[in-house]
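The chain is numbered in sequence order, starting from 1.
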Amino acid sequence: MNLEQVSKLESKLLLSTYDRYPVLLRKGRGVYLYDNKGRKYLDLLSGIGVNALGYAHPAITNTITRQAKLLVHTSNLFYHEYQGRLAAALTKISGMDRAFFTNSGTEAWEGALKLARAYARAGCEPGAEPKWRILALEHAFHGRTFGALATTHKEKYRAPFAPVVPGVEFVRFNDVADLVTKFDSTVCAIGFEFLQGEGGIRPVSREFAEAAHKLARKHNALLIADEIQSGMGRTGKWFAYQHYGIQPDLVTVAKPIAGGLPLGALLVSEKVSGCIHPGMHGTTFGGGPLACAVALQLITILEKEKLLNHVQKTGAYLIEQLEKLKKKHSAIREVRGMGLMIGVELESADLAKAVFQQMLKRGTIVNRTDETVIRLLPPFIVKKQHIDTAIRQLDEALAKNKMSAVATAAGRNK
């Protein structure tokens with residue numbers, strides 16, 4: 001089928017939830033994707049941060065093939081050999097104590113919210129009302145399921161489904177005074193991304209993170225770290241919170257964890273784990289043998305090939321080149337990020353949309369988030385020559401739009 005046929009079929013049969021780009025993808029290899037006509041695209045988005053090792057990595061492909069011949073799925077009523085081993089690997093790199101496996105990031109976040117409420121209830125004095133308020137941040141995005149939606153900041157996501165789950169209050173981003181005002185003894189948890197993704201690649205300040213951690217301890221509330229996009233090495237450390245020297249109570253993980261297969265995880269501290277028992281929570285597909293086997297292989301590759309160090313070096317190089325572009329193009333307002341999770345804020349939403357489209361035409365995949373931000377989430381295997389190609393194309397796209405803007409202004413002044 002060609003692009004026109006696929007598009008027509010989808011428009012007739014699928015829910016209208018995605019504004020797809022006009023490209024029909026056929027295969028991938030390394031850092032490149034190929035469409036149905038054989039055109040090659042440099043992928044600096046990696047499936048929105050999922051394909052950490054790019055495409056068709058031989059070790060991942062071999063693991064999928066081997067495990068698919070043995071056991072793809074079994075219910076969580078039985079044991080298989082990979083959940084315990086994966087939990088051991090994840091708790092080792094995260095500093096957490098236990099794991100619960102899910103299908104996705106939003107499901108992991110739902111589990112975290114449930115555990116926060118359960119922990120508050122378990123510690124409540126007899127006859128007293130359990131704490132149930134949850135704090136989230138301005139610009140936050142935690143998912144599209146109902147509980148996650150309530151903690152996602154943008155009104156456009158929440159309004160069509162109101163009223164959402166009650167008890168959530170938003171704190172102004174990096175505003176410690178606002179945090180102190182809203183964080184009292186009725187709060188059971190505060191949850192945030194140490195490096196926001198959909199919200200525009202915004203890192204929380206060290207002052208804000210430390211204040212949130214201190215207030216959580218003071219009020220016996222839980223600190224939940226959303227590492228769905230920033231975790232598993234994306235920022236140059238296993239998790240973004242490790243840049244701050246803060247240990248959360250709950251951590252949510254997904255996107256790159258299983259090399260492109262659906263898998264998420266909720267990592268839990270020992271003090272919180274005691275509030276959950278069989279029957280309180282569960283999942284059908286989360287933690288299946290195929291996805292867990294691949295996730296173990298991915299962690300092995302990241303460690304063996306020292307890819308976190310590579311992420312740090314190539315990320316620093318990418319930011320350095322973007323900062324040079326910023327000096328050349330006044331349309332670039334700010335460059336933000338850590339490792340290979342980087343945002344380039346432009347002067348307008350229209351410009352960001354035009355630049356994204358021109359990059360795609362030139363054969364490089366990025367995307368636009370928070371209206372004005374070009375988001376870069378390259379595979380961890382990206383090299384300097386790939387970055388140089390993208391920088392050159394971004395330079396050309398910005399220059400073209402500047403010329404178009406000048407020409408339009410001149411036409412208006414005639």
Side-chain angles (χ1 to χ4, degrees), residues 31 42-54 139 173-174 193-206 208-209 227 229-245 255-256 302 306-347 351-352 355-356 358-359 362 364-399 401:
V31 296
L42 174 60
D43 182 13
L44 297 188
L45 187 60
S46 61
I48 314 185
V50 170
N51 297 300
L53 297 178
H139 309 301
F173 187 74
N174 278 342
E193 305 149 279
F194 280 74
L195 176 57
Q196 292 186 331
E198 294 290 328
I201 315 298
R202 302 174 192 273
V204 298
S205 68
R206 185 169 296 278
F208 186 92
E227 294 281 352
Q229 190 168 137
S230 57
M232 300 304 297
R234 170 61 61 188
T235 66
K237 291 185 180 291
W238 284 110
F239 299 97
Y241 63 79
Q242 292 169 337
H243 291 275
Y244 295 79
K255 288 192 182 292
L302 294 181
K306 299 181 180 179
L307 282 175
L308 269 65
N309 185 54
H310 179 73
V311 167
Q312 292 175 16
K313 290 181 177 179
T314 53
Y317 180 73
L318 176 52
I319 289 175
E320 178 186 346
Q321 300 309 305
L322 289 169
E323 289 289 357
K324 289 180 181 179
L325 271 191
K326 181 175 178 287
K327 293 178 181 178
K328 183 177 180 180
H329 297 280
S330 61
I332 298 178
R333 294 296 172 85
E334 190 176 11
V335 177
R336 299 187 291 264
M338 301 176 188
L340 289 174
M341 185 173 174
I342 298 168
V344 182
E345 184 160 359
L346 302 182
E347 62 184 0
L351 176 60
V355 166
F356 150 72
Q358 288 175 25
M359 292 287 284
R362 286 170 166 78
T364 294
I365 298 172
V366 295
N367 88 324
R368 182 174 68 109
T369 190
D370 199 37
E371 305 299 335
T372 59
V373 178
I374 298 296
R375 175 168 52 175
L376 302 168
L377 301 171
F380 297 177
I381 59 173
V382 71
K383 296 181 179 179
K384 284 187 177 181
Q385 59 261 38
H386 304 130
I387 291 171
D388 290 341
T389 296
I391 292 294
R392 184 183 70 252
Q393 292 177 350
L394 180 56
D395 185 16
E396 293 169 355
L398 288 166
N401 277 279

Not counting sequence neighbours, list each pair that qualifies as a ring-ring contact (aromatic ring centres under 6.0 Å, His included) and has a residue in residues 365-397. Tyr32-His386
Derivation and outcome, side-chain contact (heavy atoms from CB on, under 4.5 Å), residues Ser46 and Arg234: CA-CA 11 Å; Ser46 61; Arg234 170 61 61 188; 3.3 Å; yes
Can you find a pair of side-chain heavy atoms, one from [X] and one from [Y], that are under 4.5 Å apart?
X      : Y      : result
Met341 : Leu377 : yes
Arg368 : Leu346 : no
Asp388 : Tyr317 : yes
Arg362 : Glu396 : yes
Lys255 : Ile48  : yes

Using only heavy-atom distances, determine whether the side chains of Arg336 and Gln196 contain a donor-acceptor pair under 3.5 Å. no
Examine the side chains of Gln358 and Asn401 and answer whether a donor and an acceptor come within less than 3.5 Å of each other. yes
Taking [Y]'s backbone N and O only, do any of them form a donor-acceptor pair with [X]'s side chain (distance below 3.5 Å, no angle check)?
X      : Y      : value
Tyr244 : Val204 : yes
Gln242 : Phe239 : yes
Gln385 : Thr389 : no
Asp43  : Leu45  : yes
Thr369 : Glu198 : yes
Glu345 : Val373 : no
Asn174 : Ser205 : yes
Arg375 : Val366 : no

Check [X] against [Y] and note the closest heavy-atom contact, atom names and distance.
X      : Y      : value
Leu340 : Val311 : N-CG1, 3.7 Å
Phe194 : Ala240 : CB-CB, 4.0 Å
Ile374 : Ala352 : CD1-O, 3.4 Å
Met232 : Pro256 : CB-CG, 3.7 Å
Ile201 : Pro203 : O-CD, 3.7 Å
Ala390 : Met359 : O-CE, 3.7 Å

Apply side-chain contact (heavy atoms from CB on, under 4.5 Å) to residues Val335 and Leu325 and explain how you reach the verdict. CA-CA 10 Å; Val335 177; Leu325 271 191; over 6 Å; no
What's the spacing between [X] [atom1] and [Y] [atom2] if we round to 0.5 Å?
X      : Y      : atom1 : atom2 : value
Ile332 : Leu322 : CD1   : CG    : 6.5 Å
Gln321 : Ile342 : CD    : CD1   : 11.0 Å
Arg392 : Ile387 : CZ    : CD1   : 13.5 Å

Between Thr372 and Glu347, does a side-chain contact (heavy atoms from CB on, under 4.5 Å) hold up when you go through it step by step? CA-CA 7 Å; Thr372 59; Glu347 62 184 0; over 6 Å; no
So if I apply the side chain to side chain donor-acceptor pair (under 3.5 Å) rule between Thr235 and each of Gln312, Glu227, His243, which one comes out positive? His243
Give the intermediate values and the outcome of side-chain contact (heavy atoms from CB on, under 4.5 Å) for residues Leu44 and Leu42. CA-CA 6 Å; Leu44 297 188; Leu42 174 60; 4.1 Å; yes
Arg202/Asp370 salt bridge by N-O under 4.0 Å criterion: yes
